[in-house]
Amino acid sequence: MPDNEGLMDRFVDRLPETAFFKFVAARILTPLWAWWTPVKPLPGGPHPSFQHGDNVQCMMNLIMPLKDKSPVGRAHAAMAISQHKDAIFAGLNNVGTVHFARFVIVGDNICMFSVYDGDFTNYIRDFIATIGEVFDAVVGLVEGGEKVIPCDKNVEAFIQWVHERDLYQVPDTPTDFLRDQERLNGDKAVAPVNDDLTLLPRKMVLQLRANANVSLGSGYRAYPGYSVAQVRKQLGLGW
Amino acid sequence: MVDPPTAKRLVQVIHDNLPAPVGERRPVHTIGIGVNGRFVASEVARSYCIAEHFDGEPVDVSIRFSNGLGGLEQHDGWSDVRGMAVRFHLKNGTGSDLIATTLGEFFVRNVDDFFKFSDTAKREPFRRRHWLLKILDFLQLKIPQRNPYPGETQAIDAGALRYANQHRFSQLGIFQVGLIGAPASYARASYHAVHTFWVTAPDGVRRPVRFYWQPVAGVRNIKPTPEPCEKYLFDELKKRLKRWPARFMLMMTIGEEGDTLDDCTKPWPGTRLRIAMGTLTLTEIPEGEDQATAGERISFNPCRLAPGIEPSNDPILKARLGAYEVSREMRGGCPFKWRADNA
Ligand code: HEM
């Protein structure tokens with residue numbers, strides 16, 4: 001036994017693993033701290049950057065809560081995607097900068113996860129311009145979707161609507177996450193600052209309360225730095 | 001490069017912060033083991049860098065794995081940064097060194113920061129935090145200070161945290177040190193050379209790059225326990241190499257316009273072009289007097305580089321040139337040729 005470790009020390013060290021503490025942390029401490037030190041939701045999508053590597057293979061994680069939260073509602077969503085698969089794939093092909101895109105139902109959400117090159121607004125603008133009203137069938141099933149239908153006539157509103165539903169991308173390093181929070185709060189403190197690094201867990205917990213769904217890190221890439229156009233050219237796909 | 005008095009002071013402040021004098025040993029990464037190996041560059045390596053060890057011919061390599069802590073006591077099971085210093089032996093008897101650790105970034109940007117950090121992060125008495133205070137931490141959803149290991153009466157943790165709380169550039173490094181843990185094997189950790197180097201391609205194009213070693217056996221830490229095993233890493237490596245050689249891939253990330261070139265506290269994003277430059281195979285562990293040469297007397301320097309690789313203007317990298325030579329002289333380490341003519 002490590003020196004001077006008492007019974008209470010051992011008990012307290014194990015406290016965070018106990019059901020009691022987990023309950024207290026989730027049901028009492030988190031709401032209490034959220035009320036006392038409110039946290040704003042962080043915006044979704046990739047972090048703005050001018051650099052090439054950050055502007056290829058960008059991620060979109062679009063989570064769209066279904067209006068009808070039942071198996072019937074989920075079946076409608078599945079049908080809307082499968083009925084319009086050709087239109088959606090042709091649209092993505094025409095956008096020309098999308099590496100991968102897929103639709104997933106998680107809980108009562110229809111999600112579109114994609115990897116694309118270039119500017120987010122251009123991607124969504126091109127996408128909606130090329131597939132137009134077909135996507136209305138999907139958007140019509142989603143909470144708040146009616147505001148942007150017909151999508152191809154409300155392009156800017158649609159881009160904003162998508163952006164609001166795109167997940168916050170938690171940076172690869174915990175300190176970049178702190179910097180995101182500071183930026184959102186307009187904190188431009190210069191050294192020496194007076195931070196408290198031990199508060200990181202609380203900051204993370206409260207942020208995950210404000211942004212319940214997030215994308216973790218910038219993700220793995222087998223061939224980072226290459227655009228769709230470069231990959232197609234290298235592979236000789238005649239594109 | 002820093003002037004000789006500054007180089008001396010850099011090494012002195014490290015010695016001054018040791019729990020006990022280390023005699024003629026390294027003041028940091030004191031405990032280490034020398035290993036022999038071979039490096040074979042990948043097919044594409046030579047198209048990015050003209051350095052001899054990237055031409056595809058197998059190259060003999062000396063490696064020294066180490067625990068980051070300074071001091072004569074071996075604490076393999078403690079959470080600590082680990083080092084992997086590598087020398088590629090070139091045909092004319094010179095070498096090219098690559099020194100890396102399990103930390104993905106450093107915690108200070110320049111020599112001035114280093115001195116200020118050393119001033120703040122001094123060894124202090126390190127006692128178990130009272131359980132009542134820990135409960136208070138939990139109520140604030142904070143991480144309480146870690147428990148001391150058995151026999152650990154002093155630590156720099158509190159000072160390092162104070163420094164990080166005042167300097168945002170150091171927060172990532174210091175936060176990661178706190179989480180780093182202990183590897184299951186020296187051959188099961190990734191090691192990062194953290195600085196930017198410039199490599200020259202056969203067509204004359206110079207690229208800013210950063211190197212890291214990735215273990216083919218995969219990354220694995222041991223489970224932390226209150227009373228960790230003090231010595232297992234040397235034996236584990238000996239047993240491992242008797243069974244089968246262990247391998248590392250040398251990865252090179254290419255920086256882009258706008259990336260931080262001269263600040264090793266800032267890692268580059270994972271979205272940068274990444275090239276597999278070759279494979280290092282650890283073959284054997286020298287025994288007896290040969291181990292003393294390979295594990296102790298050998299001396300590395302991050303600025304000893306083959307033609308085709310140049311140091312960036314990172315002030316920490318430049319400072320290390322002089323500091324490592326001072327330390328080598330202080331401990332009577334083996335001098336090693338910088339140039340074929342030994343000039
Ligand atoms: C100003 C900053 C630094 C100073 C003053 C410093 C100082 C030293 C000294 C004096 C030694 C012993 C050298 C010898 O006697 O041969 C050493 C070893 C070492 N340092 Fe640093 N260091 C610094 C930064 C770094 C960084 C950024 C890294 C990360 C790659 C690093 C990794 C290592 C490793 C792995 C060793 C052990 C090398 C071996 O096995 O021989 N150091 N350092």
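Treat the numbers as computed from the prediction; the structure is a model and nothing was measured. Letters A, B, ... are given to chains in the order of the sequence lines, protein chains preceding strands, and every chain is numbered from 1.
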Undergrad: Using non-hydrogen atoms only, which part of A/Tyr220 is less than 4.5 Å away from chain B: side chain, backbone, both, or neither?
TA: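 It is the side chain, since no backbone atom gets that close.
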Undergrad: Return the option, out of A/Met204, A/Arg221, A/Glu182, with the maximum number of heavy-atom pairs under 4.5 Å with chain B.
TA: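 Option with the greatest count: A/Glu182.
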Undergrad: With a strict 4.5 Å heavy-atom criterion, list every residue of residues 32-45 of chain A that contacts chain B, or say none.
TA: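 Those residues of residues 32-45 of chain A which have a heavy atom under 4.5 Å from chain B are A/Trp33.
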Undergrad: Closest heavy-atom contact between B/Arg272 and A/Pro224?
TA: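 The answer is O-CG, 3.2 Å.
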Undergrad: Side chains of B/Gln171 and A/Arg179: do they bring a donor and an acceptor to under 3.5 Å?
TA: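 Looking only at side-chain atoms, A/Arg179 and B/Gln171 do form a donor-acceptor pair, the distance falling under 3.5 Å.
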Undergrad: For B/Leu139, is it the side chain, the backbone, both or neither that has a heavy atom under 4.5 Å from a heavy atom of chain A?
TA: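 Both the backbone and the side chain of B/Leu139 come within 4.5 Å of chain A.
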Undergrad: Between chain A and each of B/Arg274, B/Arg168, B/Gln166, count heavy-atom pairs under 4.5 Å; write down the option with the most.
TA: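 Winner by heavy-atom pair count: B/Arg168.
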Undergrad: Under 4.5 Å from any heavy atom of chain A, what part of B/Glu257 do you find: side chain, backbone, both or neither?
TA: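 Contact with chain A involves the backbone of B/Glu257 alone.
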Undergrad: Using a 4.5 angstrom heavy-atom cutoff, name the option from A/Asp172, A/Ile28, A/Asp13, A/Val56 with the most pairs to chain B.
TA: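 So the answer, after comparing A/Asp172, A/Ile28, A/Asp13, A/Val56, is A/Asp13.
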Undergrad: For the residue pair B/Phe248 and B/Trp213, categorise the inter-ring angle as parallel (less than 30°), tilted (30 to 60°) or perpendicular (more than 60°).
TA: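 If you compare the ring of B/Phe248 with that of B/Trp213, the planes turn out perpendicular.
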Undergrad: So which residue, A/Leu199, A/Thr30, A/Asp196, ends up with the most heavy-atom pairs under 4.5 Å with chain B?
TA: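 Among the listed options, the one with the most contacts to chain B is A/Asp196.
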Undergrad: Find out whether the Lys NZ or Arg CZ of B/Arg109 is both under 6.0 angstrom from the six-membered ring centre of B/Phe169 and within 45° of the ring's axis.
TA: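 Yes - B/Arg109 lies over the ring of B/Phe169, closer than 6.0 Å to its centre and within 45° of its axis.
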Undergrad: Out of B/Thr253, B/Ile143, B/Leu132, return the one with the most heavy atom pairs under 4.5 angstrom to chain A.
TA: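 If we count pairs closer than 4.5 Å to chain A, B/Ile143 comes out on top.
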Undergrad: Output yes when B/Glu152 and B/Arg146 qualify as a salt bridge under the 4.0 Å nitrogen-oxygen rule, no when they do not.
TA: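 Yes, charged N to carboxylate O under 4.0 Å.
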Undergrad: Can B/Lys266 and B/Asp263 be counted as an ion pair, charged N to O under 4.0 angstrom?
TA: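 Salt bridge between B/Lys266 and B/Asp263, a charged N being under 4.0 Å from a carboxylate O: yes.
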Undergrad: Among A/Ala25, A/Pro174, A/Ser218, which residue has the highest count of heavy-atom pairs closer than 4.5 Å to chain B?
TA: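 It is A/Pro174.
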Undergrad: What part of B/Asn147 is in contact with chain A, defined as an atom under 4.5 angstrom from a non-hydrogen atom: side chain, backbone, both or neither?
TA: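 When you check distances to chain A, only side chain atoms of B/Asn147 fall under 4.5 Å.
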Undergrad: Anything under 30° is parallel, anything over 60° is perpendicular, the rest tilted; go ahead and classify A/Tyr226 against A/Tyr223.
TA: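 The arrangement is tilted - the two ring planes meet at 30° to 60°.
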Undergrad: Contact part of A/Gln51 toward chain B, heavy-atom cut-off under 4.5 Å: side chain, backbone, both or neither?
TA: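 Its backbone and side chain both get close to chain B.
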Undergrad: Between A/Asp9 and B/Lys134, is the closest basic N to carboxylate O distance under 4.0 Å?
TA: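 Answer for the salt bridge query: no.
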Undergrad: Using a strict threshold of under 4.0 Å (side-chain N to carboxylate O), is an ion pair present between A/Asp180 and A/Lys203?
TA: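 Looking at A/Lys203 and A/Asp180, the cut-off is not met.
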Undergrad: Heavy atoms only, distances under 4.5 angstrom: which of A/Val205, A/Thr173, A/Thr175 has the most pairs with chain B? Name it, please.
TA: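 Top count of heavy-atom pairs under 4.5 Å with chain B: A/Thr175.
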Undergrad: Just wondering, are more than 12 heavy atoms of other shown residues or ligands nearer than 6.0 Å to CD in B/Glu73?
TA: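 No.
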Undergrad: Using non-hydrogen atoms only, which part of B/Arg129 is less than 4.5 Å away from chain A: side chain, backbone, both, or neither?
TA: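 Answer is backbone: N, CA, C or O of B/Arg129 sit under 4.5 Å from chain A.
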Undergrad: Taking side chain as everything from C-beta outward and backbone as N, CA, C, O, which of these in A/Phe21 sits under 4.5 Å from a heavy atom of chain B? Side chain, backbone, both or neither.
TA: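 When you check distances to chain B, only side chain atoms of A/Phe21 fall under 4.5 Å.
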Undergrad: Determine the interplanar angle of the A/Phe158 and A/Phe135 rings, folded into 0 to 90°, and report it as parallel if under 30°, tilted if 30 to 60°, perpendicular if over 60°.
TA: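 Geometry flag for A/Phe135 against A/Phe158: perpendicular rings.
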Undergrad: One thing to verify: whether B/Arg162 and B/Glu124 come together as a salt bridge, which I'm taking to mean a side-chain N less than 4.0 angstrom from a carboxylate O.
TA: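 Yes.
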Undergrad: Out of B/Leu161, B/Asp137, B/Asp259, which one racks up the most heavy-atom pairs below 4.5 Å with chain A?
TA: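 Ranked by contacts with chain A, first place is B/Asp259.
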Undergrad: Does the pair B/Asp112/B/Lys116 count as a salt bridge with the N-to-O cut at 4.0 Å?
TA: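 Here B/Asp112 pairs with B/Lys116 in a salt bridge, since their nearest N and O are under 4.0 Å apart.
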Undergrad: Heavy-atom pairs under 4.5 Å with chain B are the metric here; pick the option from A/Leu200, A/Leu178, A/Asn194 that has the most.
TA: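 Between A/Leu200, A/Leu178, A/Asn194, the count favours A/Leu200.
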Undergrad: Please determine which of A/Val24, A/Leu15, A/Leu29 meets the side-chain contact (heavy atoms from CB on, under 4.5 Å) test together with B/Phe138.
TA: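 Output: one option passes, namely A/Leu15.
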Undergrad: Considering only heavy atoms, which portion of A/Leu197 lies under 4.5 Å from any heavy atom of chain B: side chain, backbone, both, or neither?
TA: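 Its backbone and side chain both get close to chain B.
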Undergrad: Heavy-atom distances under 4.5 Å only: say whether A/Asp176 touches chain B with side chain, backbone, both or neither.
TA: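 Neither; nothing under 4.5 Å.
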Undergrad: Of the backbone (N, CA, C, O) and the side chain (C-beta and beyond), which part of B/Gln176 lies under 4.5 Å from a heavy atom of chain A, both, or neither?
TA: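 For B/Gln176, the contact with chain A is made by the side chain alone.
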Undergrad: Is atom CZ of B/Arg127 surrounded by more than 12 heavy atoms (other residues, nucleotides or ligands) closer than 6.0 Å?
TA: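 It does not: B/Arg127 CZ has 12 such atoms or fewer within range.
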